[in-house]
Chemist: 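Have a look at the structure that comes next, please.
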2 protein chains.
Amino acid sequence: MKSAKISEAVVRRLPIYLQVLNELHIREIQTVSSQELGVKLDLNPAQIRKDLAYFGEFGRKGIGYDVLYLIEKIRQILKLNQTIKVALVGAGNLGRALCNYNKYSKDNMQITAVFDVHPEKIGTDINNLVVQPMSELEKVVAEQKIRIGIITVPAHEAQNVANQFITVGVEGILNFAPAILRVPDEVRIHNADFTRELLSLAYYLNHEGDVSDDSAVD
Amino acid sequence: MKSAKISEAVVRRLPIYLQVLNELHIREIQTVSSQELGVKLDLNPAQIRKDLAYFGEFGRKGIGYDVLYLIEKIRQILKLNQTIKVALVGAGNLGRALCNYNKYSKDNMQITAVFDVHPEKIGTDINNLVVQPMSELEKVVAEQKIRIGIITVPAHEAQNVANQFITVGVEGILNFAPAILRVPDEVRIHNADFTRELLSLAYYLNHEGDVSDDSAVD
DNA sequence: TAGATTGTTAATCGATTAACAATC
DNA sequence: TAGATTGTTAATCGATTAACAATC
């Protein structure tokens, strides 16, 4: 199956579908149409149907999609029907926030190890995980079969941490640092740098703001 | 000028350009070509030139782009040549992390007020800001001319907070909660929900993982 | 049966890339 | 002048949307 290359745009919509479907499930709604999903998500129903059809025939003509069944299918597509272990480097505020987040998530993604480069952080406790030194990274990743690395260190340390993740054989990296990281093709990197979202948001503000235009250049 | 509607894809690349340019500036590099930027960012040079050309003629034929000048121009485009004030609701770990982040940023975006719905958080201190009750939101937003709202509350409270932001006239919202929020057309909403990035990252992992395939449905 | 809705093909739309004249 | 690189037009590519037969 899964023959044709699926576009990134499609893959990025799957977690969104999953989110709405989970909400529907909680509200005990059993069936949903692409039409209804489209309204909720501001997406074209044809697009939703097409996205899902890349992976199989999940719906029933004249009826729609069974919510629980579709949840299960999307989870399978995203490989969430197994527990995926995650290591986090950078035990600062953000790292702590993510670890906490973790325990509420039932998505079978689990942060199971936390590391930091700074000696004073080593040994401290975060959400029942003890912060370990980077020297332990290789051993722990191998032992726990960790497949994803999260980077929550300052920008200037990010590439260095990424390199270490790559060396120890992590398959995917989620980077929170506001830096452009170089990784080999076989490692997938996603950026969760919120400053990008914040800056692009600024573009869409109305123009009224008191622009004091202090541009030195011309 | 700025006549044609600029596509979202273009706007989302601007902060990335800004990031590389800032790095180049720190390294005291004065001029850069679209070719060089392309290599750094894994983007087609023609695309970079085209993106920038939507906003003006910033480069010099045969030479390239002056780094400092281009930084200034992109900052103008993103409206960062003014201080944009931001309010944050949700004084949890993530909220605290963002406030801290804040002080290092020189992007003229500033979190100037923090709120929380829970009484026990009110009055506590976050990075020199006192957490205020939601009842103060309207007054503070008006007084400080706050234009962007950040949501760092749990998913089930997010829509409620968004509604309050909308009521008090915020122009843009950055949502960190893993929830789909409904906002009117005139309010811009960007999502910084990292679970989406994490789940789509899982899709790209290699297949090897021990899939115990415990799917109950068929 | 009539109404609803899927899966899918074809049409449209938009974004990326190639190519090149202009020019530093 | 020769080499480099922009800004921009035209060509290509890919993603979204419309339309509809199949079918519940």
Side-chain angles (χ1 to χ4, degrees), chain A residues 1-14 16-17 20-21 24 29-74 77 200 203 217-218, chain B residues 1-14 16-17 20-21 24 29-74 77 200 203 217-218:
Chain A
M1 35 169 167
K2 202 186 285 184
S3 45
K5 187 84 178 338
I6 308 296
S7 95
E8 210 172 301
V10 173
V11 175
R12 288 188 172 280
R13 280 191 293 268
L14 295 178
I16 305 179
Y17 297 154
V20 189
L21 290 166
L24 290 173
I29 289 159
Q30 265 141 45
T31 301
V32 70
S33 68
S34 60
Q35 171 67 235
E36 293 167 308
L37 288 174
V39 169
K40 276 194 186 298
L41 294 170
D42 236 330
L43 293 177
N44 185 302
Q47 182 171 64
I48 296 174
R49 292 201 299 280
K50 202 162 197 279
D51 283 355
L52 297 173
Y54 282 116
F55 303 98
E57 303 196 1
F58 303 147
R60 286 212 292 162
K61 289 174 180 157
I63 309 286
Y65 298 91
D66 183 279
V67 172
L68 206 48
Y69 179 70
L70 192 52
I71 287 175
E72 189 57 32
K73 282 303 175 186
I74 295 180
I77 296 162
S200 60
Y203 174 83
V217 270
D218 175 20
Chain B
M1 34 165 169
K2 199 185 291 188
S3 44
K5 186 85 179 335
I6 308 296
S7 95
E8 209 171 302
V10 174
V11 175
R12 288 188 172 279
R13 279 191 294 268
L14 296 178
I16 304 179
Y17 298 153
V20 189
L21 290 165
L24 291 172
I29 290 158
Q30 265 141 47
T31 301
V32 70
S33 68
S34 60
Q35 171 67 233
E36 294 167 309
L37 287 174
V39 170
K40 275 193 187 298
L41 294 170
D42 237 329
L43 291 178
N44 185 302
Q47 181 171 65
I48 297 173
R49 293 201 298 280
K50 202 161 198 279
D51 282 355
L52 297 173
Y54 282 117
F55 303 98
E57 303 197 359
F58 303 145
R60 287 211 294 162
K61 289 174 179 157
I63 308 285
Y65 300 90
D66 183 279
V67 172
L68 206 48
Y69 179 71
L70 192 52
I71 287 175
E72 188 58 33
K73 282 302 175 186
I74 295 179
I77 296 162
S200 61
Y203 174 84
V217 270
D218 172 24

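Proteins get letters first, then strands, A, B, ... in listed order; numbering begins at 1 in each. Because the structure is predicted, anything quoted here is derived from the model rather than measured.
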Chemist: Could A/Lys40 and A/Glu36 be called an ion pair, given the rule that one side-chain N must be under 4.0 Å from one carboxylate O?
Modeler: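 A salt bridge is absent here (no side-chain N lies under 4.0 Å from a carboxylate O).
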
Chemist: Would you indicate what A/Glu57 reaches in the nucleic acid, counting non-hydrogen atoms under 4.0 angstrom: base, sugar-phosphate, or nothing?
Modeler: sugar-phosphate

Chemist: Of all the nucleotides listed (D/dT5, C/dG7, C/dT6), which has the minimum atom distance to the side chain of A/Ser34?
Modeler: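 So the nucleotide nearest the side chain must be C/dT6.
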
Chemist: Looking at C/dG7, I'd like to know if its phosphate oxygens (OP1 or OP2) sit under 4.0 Å from a side-chain N or O belonging to A/Arg49.
Modeler: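 False: A/Arg49 side-chain N/O out of range (4.0 Å or more) of C/dG7 OP1/OP2.
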
Chemist: Please give, in whole Å, the distance from D/dT16 P to A/Leu41 CG?
Modeler: 14 Å

Chemist: Can you work out whether A/Arg13 or B/Gln35 has the more 5'-proximal nearest nucleotide on DNA chain D?
Modeler: B/Gln35

Chemist: Which part of the nucleic acid, if any, lies within reach of A/Arg60 when heavy atoms closer than 4.0 Å are counted: base, sugar-phosphate only, or nothing?
Modeler: sugar-phosphate

Chemist: Rounded to whole Å, please give me the gap between CG in A/Asn44 and P in C/dG14.
Modeler: 13 Å

Chemist: Take the protein atom CD of B/Glu8 and the nucleotide atom C1' of C/dT16, then report the distance between them rounded to whole Å.
Modeler: 17 Å

Chemist: Quick one: B/Lys50 NZ to C/dA18 P, roughly how many Å, whole number?
Modeler: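 Nearest whole value for this atom pair: 14 Å.
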
Chemist: Does A/Tyr65 have a side-chain nitrogen or oxygen under 4.0 Å from the phosphate oxygens OP1 or OP2 of C/dG7?
Modeler: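 The answer is yes; a side-chain N or O of A/Tyr65 sits under 4.0 Å from OP1 or OP2.
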
Chemist: Partner lookup for C/dC20, please. Criteria are Watson-Crick or G-U wobble with both distances under 3.5 angstrom; report none if nothing qualifies.
Modeler: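 The answer is D/dG7, by the H-bond criterion.
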
Chemist: Nearest to the side chain of A/Lys61 - D/dT5, D/dT8, D/dA22?
Modeler: D/dA22

Chemist: In whole angstrom, what separates A/Tyr54's OH from C/dT6's C1'?
Modeler: 16 Å

Chemist: Could you tell me the separation between the CG atom of A/Leu43 and the P atom of D/dA15, rounded to a whole number of Å?
Modeler: 15 Å

Chemist: Of the options D/dA18, D/dT16, C/dT5, whose atoms approach the side-chain atoms of A/Ala46 most closely?
Modeler: D/dA18

Chemist: Given side-chain contact (heavy atoms from CB on, under 4.5 Å), test B/Tyr54 with B/Val10 step by step and report yes or no.
Modeler: CA-CA 9 Å; B/Tyr54 282 117; B/Val10 174; 3.8 Å; yes

Chemist: CZ/A/Arg12 to OH/A/Tyr17 distance, rounded to the nearest 0.5 angstrom?
Modeler: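 So the gap between those two atoms works out to 13.5 Å.
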
Chemist: Heavy-atom distance under 4.5 Å between the side chains of A/Leu68 and A/Gln30, does that happen here?
Modeler: no

Chemist: Starting at atom NZ of B/Lys73, determine the distance to atom P of D/dG7, rounded to an integer number of angstrom.
Modeler: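 Rounded to whole Å, this separation is 13 Å.
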
Chemist: From CZ of A/Phe55 over to C1' of C/dG7, roughly how many Å is that when rounded to an integer?
Modeler: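 Rounding to the nearest Å, CZ of A/Phe55 and C1' of C/dG7 are 15 Å apart.
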
Chemist: Please find the pair of heavy atoms, one from B/Ile77 and one from B/Leu14, that lie closest to each other, and give the distance.
Modeler: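 Taking B/Ile77 first and B/Leu14 second, the nearest heavy atoms are CG2-CD1, 3.7 Å.
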
